Amino acid sequence: MSAAEISIMVVPSEQRKGYALTLLRETMAMAREWLKVDTLVALVLRHNYPSRRLFRRAGFHYVGAEVRMDRVHARYEWSA
């Protein structure tokens, strides 16, 4: 079993155009096929609801909270 952490950011002028979901889904496929990763982990700031919604739409599941750099993040995981 191999895992990797994923993060995504779209410049504000291009947000809300569907790019993030497309980029995320393509990256998930590449991680699975090319890198043989079977689990992806995303840490999203707790109050970043648009990003949390994005990862859920892509098939990630909320698994709990995690503190990094003194900030609370929602932890999402996806398994191939």
Side-chain angles (χ1 to χ4, degrees):
M1 180 173 158
S2 63
E5 191 169 307
I6 188 168
S7 179
I8 189 165
M9 183 176 178
V10 176
V11 296
S13 63
E14 299 302 315
Q15 291 175 356
R16 303 190 59 81
K17 295 181 180 178
Y19 298 137
L21 185 59
T22 300
L23 289 168
L24 182 54
R25 286 182 173 158
E26 290 295 322
T27 302
M28 291 163 64
M30 290 170 47
R32 182 180 62 245
E33 295 168 20
W34 295 359
L35 303 175
K36 307 301 182 204
V37 170
D38 54 17
T39 302
L40 289 173
V41 175
L43 297 176
V44 182
L45 287 172
R46 182 176 53 184
H47 299 298
N48 187 344
Y49 298 110
S51 288
R52 293 180 71 168
R53 187 171 41 254
L54 168 71
F55 282 100
R56 285 193 310 269
R57 286 183 64 202
F60 283 69
H61 299 280
Y62 176 78
V63 294
E66 186 171 318
V67 176
R68 281 233 187 134
M69 298 174 61
D70 297 325
R71 297 178 85 179
V72 178
H73 295 77
R75 181 184 176 103
Y76 289 86
E77 292 184 2
W78 170 83
S79 295

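Treat the numbers as computed from the prediction; the structure is a model and nothing was measured.
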Classify the ring geometry between Phe55 and Tyr76 as parallel (under 30°), tilted (30 to 60°) or perpendicular (over 60°).
parallel

Can you find a heavy atom in the side chain of Ile8 that is under 4.5 Å from one in the side chain of Leu54?
yes

Could you report the tightest heavy-atom contact between Ala74 and Tyr62, atom names first, then the distance?
CB-CE1, 3.7 Å

Less than 4.5 Å apart, any side-chain heavy atom of Arg46 and any of Arg52?
yes

Contact check, side chains of Ile6 and Leu24, non-hydrogen atoms, under 4.5 Å
yes

Looking at every heavy atom in both Lys36 and Ser2, which two are closest together, and how far apart are they?
O-OG, 2.7 Å

For Arg57, does the CZ atom sit with more than 12 other heavy atoms under 6.0 Å from it, leaving out its own atoms?
no

For Ala20 and Val10 the tightest heavy-atom approach is CB-CG2, 3.9 Å

Assigning hydrophobic clusters by single linkage (Ile, Leu, Val, Met, Phe, Trp, Tyr; side-chain heavy-atom cutoff under 4.5 Å), is Leu40 placed with Leu35?
yes

Nearest heavy atoms of Ala58 and Met28, plus distance in Å:
O-CE, 3.2 Å

Could you see if Leu23 belongs to whatever hydrophobic cluster contains Leu21? Use Ile, Leu, Val, Met, Phe, Trp, Tyr and a side-chain cutoff under 4.5 Å.
yes

At what distance, to the nearest 0.5 angstrom, does CG of Asn48 lie from CZ of Arg53?
9.5 Å

Taking salt bridge (charged side-chain N to carboxylate O under 4.0 Å, His left out) as the cut-off, I'd like each qualifying pair that reaches into residues 62-73, sequence neighbours left out, listed once.
Glu5-Arg68, Glu66-Arg68, Glu66-Arg75

Student check: side-chain heavy atoms of His73 and Val44 closer than 4.5 Å:
no

